[in-house]
Amino acid sequence: MPKLTIDGIEVEADAGMTIMQAADMVGIEIPRFCYHERLSIAGNCRMCLVEVKPGPPKPAAACALPISEGMQVWTQSDLAKKARKGVMEFLLINHPLDCPICDQGGECDLQDQAMAFGSDRSRYIEHKRAVPEKYLGPLVKTSMNRCIHCTRCVRFITEVAGIPELGMIGRGEDSEITSYVEKALTSELSGNIVDLCPVGALTSAPYAFHARPWELRKVQSIDALDAVGSAIRVDVRGNAVMRVLPRLNEDVNEEWLADKSRHAIDGLRYQRLDRPYVRENGTLRPASWEEALRAVAGRLLATDADKVAAIAGDMADAEAMVLLKDLMGVIGSPHLDCRQDGAALDPTDRAGYLFNPTIPGIEDADALLIVGSDPRWEAPILNARIRKRYLMGKFPIGVLGPRTDLTYKVQDLGNDPKTLETLAGGKHDFAKVLEAAQRPLILVGMGALARPDGAAVMGWVRRIAERVGAISEDWNGLGVLHTAAARVGGLDLGFVPGEGGRDTNAILEGAEKGDIQVVYLLGADEIDTALLGEAFVIYQGHHGDAGANRADVILPGAAYTEKDASYVNTEGRLQRTWLGVHPPGEAREDWRIIRALSGAMGKPLSQNTLEAVRARLAEVSPTFAPDNEGAVVPAPATTGFARFSGRLEATPFATPIKNYYMTDPISRASRTMAECTAVYINAAGTGDSKRTGTDG
């Protein structure tokens, strides 16, 4: 390991590291604009100039110069300071003087570094150049006069997002960042280029001119719009969520965030349920909490236990699910389920419903088989991790399912479920690829499991996993990719049919026939409400979506930004949201509503505080033990999935998501997501057409 000296401090670093990386190791700040640790080195802003001996007879770019034995580096010498002032002067030559109206104001790298490393005057008196604005879609607003050509956006879109739709044209003063052909960026990660932009050239279009950073209160939380559970920061002003930004979490989302998770938050303002409602003469009317709870309690008490059922939705928190499960137990009903889509998942075998390799474990895999899943829409952050591993090399990927552009090259295995039998028998070419791998990974999605033959699919997938060695003492490469934030937590809590109980499909079938007379929907909006027949429907949720439209009583709950709640992501990681704003109007946290309902029934649950509810969570499932927060709670690998029986159907696999931008009540209420749907989905004709073709 070479040793060098930086500002008099001796540093020992790995061979091949750059001066900037070595300086960061010991906490020495070197200014930079174009350099980013997750992107390739460009070396084009020159803000990181330092003095080096032995080395070039002029200031050197610290981001691009590898270290060597005995190298001496000065970051604060007169030569380095003069060079930086000159670079900053050149950068500001054409930069407009619009800081007071720039959305980047207050959190702008150019502002900060101009103050710290720039000069206190300008010698440039000529006219500044003008650059036309670019259209990059409904999420990214441009002001290209401010661009300093760091190319962070270009490198992110090309390298991380895998959509090479940005680049630089022209030379010298005529250089411009552009999308070549003016059209919207087609990446589900496009919002990240706003975070990466060190100036105000790229800003958030939905957030434009809404708030200044010093007006906002920052609340750490997690995203609940998909099953990845990305770490986020919720920025709040008053009682309104103004924006959502990613937080650093190397094990989940690194520092990226999917566009829906970032921009659907305006849906929190629209179509909200802010008071209880009771249906009277076919019409919903506002009611008091006392009246609504009395109506629900009376109907539950007057109905036979075997005719009462409950379904938990995709965004239900664990606290609410455990109390609703307990309440159903008090009633005596075994009919409850958290699998709205009817996915064939065995709740008794935790390894059978987790993404066992974990998200960072994707980087340890050396072959991948994707079955019935489109991770680019189902989990864009996880798909970016797959692409990251693909770019490392020697990572063959086979896809059995719909043909879409996943942003990396794949071997198309067709879309015939019968191919699973061929793979399990070792007769397929890709089976030999998996057998040759040391750590093969098999990703199975809801498009494969939420089918009538889902159990058979899971059985064959498990046979493949066991045949190719994907399950061993030190590696479990069988990964289930969920689409619902609540799914793993619900399965861990046993929010599934009890002995003799009905699952979601059977509940709906029973309601249609009249065998189920009361259905409690805990934020369940993804079911076919037309199948509820004449059943008395209780809807507890935060938006006036499908479930509320069918409800006989509405109990207004809280969204994920409005409560302290627990979720378990697709890999089995326990995470918690924090209350950022209070629920609107008379809406309440979900666990409090269920606790109050139990009291109205005369059968009060014993949990009166959040701490007591979480103690109950830990009692029901060790996943929710306080020490497990933020960590993956692994499941022991099991064998014998051959018990998943049944015949494979000939019906091709289909992605469970038809429109990435509208998958839940919040995103369906979002005007921003409606605009994205118009641009990306409707304009393309169908959801899949613009993404169909060979991957590259």
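The first residue of the sequence shown is numbered 1, and numbering continues consecutively from there.
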Working to the nearest 0.5 Å, report the span between [atom1] of [X] and [atom2] of [Y].
X: Y560; Y: I222; atom1: OH; atom2: CD1; value: 10.0 Å
X: I19; Y: I30; atom1: CD1; atom2: CD1; value: 7.0 Å
X: L139; Y: D259; atom1: CG; atom2: CG; value: 5.0 Å
X: R171; Y: E176; atom1: CZ; atom2: CD; value: 15.0 Å
X: D195; Y: H36; atom1: CG; atom2: NE2; value: 9.0 Å
X: I386; Y: T407; atom1: CD1; atom2: OG1; value: 8.5 Å

Open item on the list: Strictly below 4.0 Å, N to O, side chains only: are K3 and E69 in salt-bridge contact?
Closed with: no
Between [X] and [Y], do the side chains contain an N or O donor and an N or O acceptor separated by less than 3.5 Å?
X: N192; Y: R262; answer: yes
X: S566; Y: R576; answer: yes
X: K563; Y: T577; answer: no
X: W377; Y: E188; answer: yes
X: E89; Y: S122; answer: no

Task: Ring-face cation of R671 near Y270 (centre distance under 6.0 Å, axis angle within 45°) - done: yes
Check whether any side-chain heavy atom of [X] lies under 4.5 Å from a side-chain heavy atom of [Y], and answer yes or no.
X: L268; Y: I666; answer: yes
X: I193; Y: I157; answer: yes
X: N659; Y: T677; answer: yes
X: I265; Y: H263; answer: no
X: S261; Y: S230; answer: no
X: I657; Y: D374; answer: no
X: E182; Y: K134; answer: no
X: V252; Y: V228; answer: yes

More than 12 non-hydrogen atoms from neighbouring residues, nucleotides or ligands closer than 6.0 Å to [atom1] on [X], yes or no?
X: Q220; atom1: CD; answer: no
X: M392; atom1: CE; answer: yes
X: K128; atom1: NZ; answer: yes

Open item on the list: Does anything in residues 100-156 form a ring-ring contact (aromatic ring centres under 6.0 Å, His included)? List the pairs, not counting sequence neighbours.
Closed with: F156-W256
Could you tabulate the donor-acceptor pairs under 3.5 Å formed by side-chain atoms of residues 100-111, not counting sequence neighbours?
{"residue": "D103", "atom": "OD1", "partner": "F209", "partner atom": "N", "Å": "3.2"}
{"residue": "D103", "atom": "OD2", "partner": "F209", "partner atom": "N", "Å": "3.0"}
{"residue": "Q104", "atom": "NE2", "partner": "C197", "partner atom": "O", "Å": "3.1"}
{"residue": "Q104", "atom": "NE2", "partner": "V199", "partner atom": "O", "Å": "3.2"}
{"residue": "E107", "atom": "OE1", "partner": "R243", "partner atom": "NH2", "Å": "3.2"}
{"residue": "E107", "atom": "OE2", "partner": "R243", "partner atom": "NH1", "Å": "2.9"}
{"residue": "E107", "atom": "OE2", "partner": "R243", "partner atom": "NH2", "Å": "3.4"}
{"residue": "Q111", "atom": "OE1", "partner": "G106", "partner atom": "N", "Å": "3.1"}

Open item on the list: Using 30° and 60° as the class boundaries, would you call the ring planes of Y680 and Y661 parallel, tilted or perpendicular?
Closed with: parallel
Show me the donor-acceptor pairs within less than 3.5 Å that the side chains of residues 49-63 make with the rest of the protein, sequence neighbours left out.
{"residue": "E51", "atom": "OE1", "partner": "S77", "partner atom": "OG", "Å": "2.7"}

